[in-house]
Number of protein chains: 2
Amino acid sequence: MARAGTLYRGIADQVRNRITTGEIPPGTKLPTESQLIDQYGASRNTIRLALAELENEGLIATEQGRGSFVREWSSLTHHATRAERVDRPASSTDAFVAEAREAGFEPSTSFSMRIEPAVSEIADRLQVPVDTFVVLRRVVRYLDGQVNSRQDSWYPMDLAEQAGLNVPHDIKEGTIRAMAAKGFKEVGNIDEVTARMPSPDDQETLDVATGVPVIVQQRTAWTATRPTRVTRVTMPADRNRIIYELGNLDAYEATQQ
Amino acid sequence: MARAGTLYRGIADQVRNRITTGEIPPGTKLPTESQLIDQYGASRNTIRLALAELENEGLIATEQGRGSFVREWSSLTHHATRAERVDRPASSTDAFVAEAREAGFEPSTSFSMRIEPAVSEIADRLQVPVDTFVVLRRVVRYLDGQVNSRQDSWYPMDLAEQAGLNVPHDIKEGTIRAMAAKGFKEVGNIDEVTARMPSPDDQETLDVATGVPVIVQQRTAWTATRPTRVTRVTMPADRNRIIYELGNLDAYEATQQ
DNA sequence: GGTGATTTGTGCGTATGTATT
DNA sequence: TAATACATACGCACAAATCAC
């Protein structure tokens, strides 16, 4: 029996073992706090400390009035290198729709746009001075009615005006095509991938539970001469993952058929 | 003043604001629990609930006997698409060393190797049956003496034997070159990027604090006909990020000089 | 539809241990 | 050594959400 130095850690270790060994499978209800109090002879606070530890590890979710449950992690795959292919030149929104359908989900999106001063993280990448006004186009993506991720794209004002992106509605042919049609053809991009715990704001808009980090994929796209946009996708890690396919993968793709 | 429905959330909101606005900058000590008890007129348990929330968001770190401190997030950049270039064909370990030096750190590594039965996640990607024995080569990477990340690589047994990878020491020319020399030349790879909270095991080997997720980058490399390895890099998100450079980025690179 | 029981959430108090200053 | 500060552990009460009847 795993027993750490302190009572609540020892209890957490034992419950964690019962979960990781599969004795308590995903979706299953854990013993109630009262039952754990009896089982381990500890006070309620101590039991709750143990459960909080497991919750912060993303192993369980507790629901008021219902109990604690073993959490399931199953993810939608975002193919980061596929949207750019010539044979599938859809907008990134369409790429999301396609992948969601393939995975058996019913996707939907909601759109909003605003003009705001660029913070340094965006300004640096767009090569404009800080606080220059830029266009932010936001798409919140849903799967079967549940929030899946949030996509924020920032465009330099001049480019947005020329390509007609400074409008408060979605663009059917996709923003990338709209820009290309005006001569801003993207030829490369830099993806920065990080992870962090959700801010209270994320927790609301993305419906992220305690113990689940968010993955942040931030893409800076370039034409042959200048950056065109920064697109940041923020996605809860319990239901999303990113895939990059690099080089020659003919052999791999043959196995996927 | 941000005030949520409950006392401890309201306190957490106010302290969070003081941090995000820069009033309490990174590295600074927060007020002590006693001081917060006085300031907010709440019990110690309530104050600790508020601090625990901030700790789980990765905003602060508490140290017994010292106090709570605003956490800093500064990261080493892993260039995922650079190691594969012909002009820099170093091993992935060397890529780490190079990037660490560029960032002004003193890198070091420790190596271990073992032979173990493949779990399904590895077996599937190496296209061998589950529980087939495979070679695991582990490199723990340090920056200035502190753990930075852990790299685990699994190789099919036949390939490991031919390329001489089933030895308990590092390989100077790099495992990728050693395989290429025996005819297993990698031509492509699939990178799967996910994030999760560290397991107790991770917390020990990677020295990850509460509230900091780990980024997991898992690369399956292929020759023209078969997979050669699965390489999984597990890195704390507070000191690492990944960058993918895709397509033509001449214009971007010109700005980097 | 409603009522009581169950279960987790919030908040208070106290005491003692352990690490740092 | 003493004081300070966070960690662990106990107790209690009531609120809020859910569930079973």
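Chain letters run A, B, ... following the sequence lines, proteins first, then strands; residues in each count from 1.
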### Message
Could you tell me if the side chain of B:Leu54 sits less than 4.5 Å from the side chain of B:Asn56, heavy atoms only?
### Response
no

### Query
Which letters describe nucleotides 11-21 of chain D, given B = protein heavy atom under 4.0 Å from base, S = only from sugar-phosphate, - = neither?
B-B--BBSS--

### Task
Would you confirm whether A:Arg239, through its side chain, and A:Val147, through its main-chain N or O, come within 3.5 Å as a donor-acceptor pair?
yes

### Helical bend (five base pairs per end, nearest 10°) for the helix from C:dG2-D:dC21 to C:dT21-D:dA2
20°

### Task
Measure from OH on B:Tyr40 to P on C:dC12 and round the result to the nearest Å.
14 Å

### Task
For salt bridge (Lys or Arg N to Asp or Glu O under 4.0 Å), just list the numbers for A:Glu55 and A:Arg71, CA-CA rounded to whole Å, side-chain angles, deciding distance to a tenth of an Å, and then say yes or no.
CA-CA 9 Å; A:Glu55 186 169 22; A:Arg71 181 174 288 159; 5.1 Å; no

### Query
So does A:Asp152 pair up with A:Arg232, basic N to acidic O under 4.0 Å?
no

### Query
Looking at side-chain heavy atoms only, is the closest gap between B:Val233 and B:Arg150 below 4.5 Å?
no

### salt_bridge(A:Glu192, A:Arg219) N-O dist < 4.0 Å
no

### Task
Identify, residue by residue, the members of residues 26-37 of chain A with a heavy atom below 4.0 Å from DNA chain C, and return them in order of residue number, or none.
A:Thr32, A:Glu33

#### Entry: Side-chain N,O (A:Arg48) to OP1/OP2 (C:dG9) below 4.0 Å
yes

## Note on the structure
Taking D:dT8, D:dA9, C:dT8 as options, the one with an atom nearest any side-chain atom of A:Arg9 is D:dT8

### Message
Within the 4.5 Å heavy-atom criterion, are B:Leu30 and B:Val15 side-chain neighbours or not?
### Response
yes

### Query
Should the pair A:Glu57-B:Arg196 be classified as a salt bridge under the 4.0 Å nitrogen-to-oxygen rule?
no

